[in-house]
Amino acid sequence: MLTRAQDAAADATVNLGQRVLQTVWRRGDEQGRAELEQVVDDAADEQDEAYTRAVLSRLLKRALQDDPQLWEELSAMVPAPASRVNVTASGERSIAGQHIGTAITGDGHTTPQS
């Protein structure tokens, strides 16, 4: 089940990326489209993910600067952040948190060694 959830998340990320690139391509002029196609083709062959991210980021940044309405269109594609989570703990030695690694309450315990 975990693998399916990871695959679904990866698919969603890839789909969002494709939609973003398609939107940028559609709104660009002929020169911008040709440049985007070249960058995406180069990125597909590139082994260095950091380089690929930097090049695509620069291209998207320029597209956003040249087309203010593009920001609104792309923002509408991105899911809203998760809603705020309130966590409450009550009682003696209670703990609360959204993400807790190791939590030990009570007397006479030693910290686990990793």
Side-chain angles (χ1 to χ4, degrees):
M1 181 163 21
L2 180 58
T3 301
R4 281 186 279 170
Q6 289 172 330
D7 289 347
D11 288 346
T13 301
V14 168
N15 289 338
L16 176 60
Q18 288 173 336
R19 288 177 39 222
V20 166
L21 289 174
Q22 288 169 349
T23 301
V24 172
W25 185 85
R26 187 183 74 247
R27 292 180 67 103
D29 59 14
E30 189 173 323
Q31 179 183 350
R33 289 178 180 178
E35 184 179 12
L36 179 59
E37 286 178 27
Q38 183 63 48
V39 167
V40 171
D41 286 344
D42 291 348
D45 295 333
E46 181 61 46
Q47 297 299 316
D48 184 357
E49 287 185 31
Y51 173 79
T52 299
R53 273 194 307 273
V55 172
L56 287 171
S57 176
R58 228 181 354 240
L59 187 130
L60 290 173
K61 190 176 196 178
R62 190 170 63 232
L64 288 167
Q65 289 171 343
D66 293 345
D67 185 352
Q69 288 81 24
L70 179 60
W71 177 259
E72 292 176 23
E73 191 171 344
L74 295 180
S75 295
M77 292 180 189
V78 179
S83 62
R84 186 178 221 172
V85 174
N86 292 320
V87 180
T88 304
S90 64
E92 186 178 340
R93 298 184 185 178
S94 294
I95 60 172
Q98 187 170 359
H99 303 283
I100 297 176
T102 301
I104 300 172
T105 62
D107 297 327
H109 293 283
T110 58
T111 305
Q113 303 298 318
S114 37

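- Take Ala76 and apply the side-chain contact (heavy atoms from CB on, under 4.5 Å) test, not counting sequence neighbours, and it matches no residue.
- Arg33 and Trp25 make their closest contact through NE-O, 2.9 Å (heavy atoms, listed as atom of the first residue, atom of the second, distance).
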Which atom pairs, donor and acceptor, lie under 3.5 Å between side-chain atoms of residues 60-67 and protein residues at least two apart or in another chain?
residue, atom, partner, partner atom, Å
Arg62, NH2, Glu35, OE1, 2.6
Arg62, NH2, Glu35, OE2, 2.4
Asp67, OD1, Arg27, NH2, 3.0
Asp67, OD1, Gln69, N, 3.3
Asp67, OD1, Leu70, N, 3.4
Asp67, OD2, Arg27, NE, 2.8
Asp67, OD2, Arg27, NH2, 3.0

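- Residues Leu21 and Val40 form a side-chain contact, since some pair of their non-hydrogen atoms from C-beta on lies under 4.5 Å apart.
- By the 4.5 Å heavy-atom criterion applied to side chains, Arg26 and Gln22 are not counted as neighbours.
- Looking at heavy atoms from C-beta onward, Val78 lies out of side-chain contact with Val20 at the 4.5 angstrom threshold.
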